[in-house]
Amino acid sequence: MSRTIEMSELRKRYGANDVVAGVSLDVGVGVTGLLGPNGAGKTTLMRMLATVLAPTGGHLRILGRDLDDAEQRTDVRRQLGYMPQEPGFHRHFTVFEFVDYVAILKEMTDTHARHREVRRVLERVDLGDVAGRRIRKLSGGMRKRVAMAQALLGDPRLLVLDEPASALDPEQRMRFRELISELGDGRIVLVSTHQTDDVAALCQRVIVLRDGHAAFDGTPAQLSALARDRVWIADTRDDRAQLSWRTAEGRHRHVGDPPLGARLVSPTIEDGYLLLAGPAAIGKELAA
Amino acid sequence: MSAAAITSATPPAAPVRTAPPPVRAVRWALTRVEGRRLLRHPIFLLGMALSAVTLALMTGRLPFGALDYSATPSMLAGDCFVVVGGALWTFLAVFLAVTRDRRDDAQDFYLAQPTTARLRTEAALLSVAWAGMAGAVLIALGTLLLVGLDGALVTDVVNGPIVDENQRYEVQVLELFQGPLYLVLAGTVGVLLGSWTRHVYAAVFGALVLFLPPVALLPWLVFDEGIGHGYFGAIEAAADVGGSAPIASQLLGLAAVAAAAATAALARHDRRLVVLVIAALSVAVLVLGLPAGPEATLPGQPPPTTP
């Protein structure tokens, strides 16, 4: 069985707007990060990969299955764990009831085995102690973990995680990083995020989406390298910079074309991402 | 979560991947979960409580009196009077259950699963049998309280209950299915509405049409008495109106309406089923439109006079 996702000129159009405008990528085993500004098409792409949304055009094969065929699509869903970006929950369900319900939808019909699996995934996200608590009484971070737990049901070969670390406190984020990196062994894990440090810590590969296109596809180091010789520090703000912000030390970090004599510093993945996904002019310049 | 938990967590063993189970096993697992949730649903419990209070009123078990004894057997089973309250709330509880994925904006969880929306609708339809079973328990209890095992009718439910050994009421088995079937019908209509719309105002409108007596009498006013009777299950004192035949036809009519509603719910996922909806509705109209037979009487009462 193929262990890749193959996208060819994948498109999704809403009205006259191409939200995903011809993405061609192959994604294999390991953790792949999807970065992009708001409205870049990340969630739409993730929903298509999760078989929730049908593409308007192009071709999509997941694990060797053609999603145009209903039976093959169902087969993909049997091997898929999907964590939506901002999922709604049945607030009056308990944590256990909700995950158990999703487990039935994942065709786990043997009650004992299913309950054992529900307990397993709740333990994996440290929710075992609150299994009997109603979802409406959980914090935002705990609900994120409920969403993660249901995605892990059945040990899926493909995980599509849309902003899994948002709303988590730093400790939980660390736990999630550990979990996701473990899951990346032998599985396809696609993580959409706004957190460049998560990408740097987790992902073997990063894709940057901008305006519905894949503007970058490479390693985190290659993304950082895009900003090599284009990041400098100064005591005052330099208006020639495309982006600048005040650091904790009270100095200004600039990204863009440095002036002569500027004090260049090593770029981070965030600098590379900002250059790429920032003002369109910068992106075009880089692409050229 | 503690730091120790972060560093020392040992992942439990993942399940062994097996071949997908038969569809019927998934349907049954979903049905059981939905059925149990329905029985525990506060709205359904409220409906059952209303029906129980109605039952207690009719059997004189509450201190503030009871209805006329002569009507009680038919109101218990034939008129479905006891379960009307329960049916309204069953309808609402089922509607809310069927629409929960859309009302809670949780569809993405469902759409990425191998289980289809149609299978979930099928399970929701089957789960209304749990409401029917609850109704059956209620009706059986009421029948025992009113008629007793030997058929002796309770006559004075206000001061009694006092059993009049001279008045006997022969309960027919088919009568006992009317109330539960009415609950099943209400739940099925809840699935039907919930399959096509998630808006609660649709449920409120449906409830008004189906259960508010003046509106529910419309078919009776528009068509004829037969439909009105069939709708409410008014087969009075079945023993005197020709045995089980009128009850059977009324049961068939209610079942046809339920079948039409169920098929219309499934037609949400397969438009070809519209033909079956029309067929089931035709059967329902034909059966329920038939005259209900001569007006019923209780033993010991004079038969109705025909002008």
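By convention in this document, chain letters (A, B, ...) are assigned in the order of the sequence lines, proteins followed by strands, and residues within each chain are numbered from 1.
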- Note on the structure: Rounded to the nearest 0.5 Å, the OG1 atom of A:Thr111 sits from the CZ atom of B:Arg32 at a distance of 4.5 Å

- Message: For the CG atom on A:Asp26, are there more than 12 heavy atoms of other groups (residues, nucleotides or ligands in this structure) within a distance under 6.0 Å?
- Response: yes

- Message: Donor-acceptor pair, distance only, cut-off 3.5 Å: does the side chain of A:Arg77 make one with the backbone of B:Leu111?
- Response: yes

- What residues form a side chain to side chain donor-acceptor pair (under 3.5 Å) with B:Arg198, not counting sequence neighbours? none

- Which of residues 34-46 of chain B have a heavy atom under 4.5 Å from any heavy atom of chain A? B:Glu34, B:Arg37, B:Arg40

- Item | side chain to side chain contact (heavy atoms under 4.5 Å, CB included) against B:Ala123, all qualifying residues, sequence neighbours excluded | B:Leu30, B:Thr31

- Message: With a sphere of 6.0 Å drawn around CZ of B:Arg24, does it hold more than 12 non-hydrogen atoms of other residues, nucleotides or ligands?
- Response: no

- When heavy-atom pairs shorter than 4.5 Å are enumerated against chain B, which of A:His90, A:Gln150, A:Arg91 gives the highest number? A:His90

- Note on the structure: Correct closest heavy-atom pair for B:Ala106 and A:Gly88 would be CB-O, 3.1 Å

- Message: Would you compute the distance between atom CD of B:Gln113 and atom OG1 of A:Thr74 and round it to the nearest 0.5 angstrom?
- Response: 11.5 Å

- Message: Would you say that more than 12 heavy atoms from the other residues, nucleotides or ligands in this model lie under 6.0 Å from the CD of A:Glu86, or not?
- Response: no

- Query: For the residue pair A:Tyr82 and B:Phe109, is the inter-centroid distance of their aromatic rings smaller than 6.0 Å?
  - Reply: no

- Message: Quick check on the interface: out of A:Lys106, A:His92, A:Arg116, A:Met83, who has the most heavy-atom pairs with chain B under 4.5 Å?
- Response: A:Lys106

- Query: Passes side-chain contact (heavy atoms from CB on, under 4.5 Å), A:Ile104 versus B:Thr115? Steps please.
  - Reply: CA-CA 8 Å; A:Ile104 297 174; B:Thr115 299; over 6 Å; no

- Residue B:Phe177 excluded, over 12 heavy atoms near CZ under 6.0 Å: no

- Run the salt-bridge test on A:Arg47 and B:Asp108 with the 4.0 Å N-O cut-off and return the result as yes or no. yes

- Item | B:Arg120 side, atom CZ; A:Tyr101 side, atom OH - distance, nearest 0.5 Å | 6.0 Å

- If every non-hydrogen atom of A:Leu80 is compared with every non-hydrogen atom of B:Ala112, which pair is closest and at what distance? CD2-O, 3.9 Å

- Item | All side chain to side chain contact (heavy atoms under 4.5 Å, CB included) counterparts of A:Gln85, not counting sequence neighbours | A:Thr43, A:Asp162, A:Glu163

- Task: Identify which part of A:Phe176 has an atom lying under 4.5 Å from any heavy atom of chain B, answering side chain, backbone, both or neither.
- Result: neither

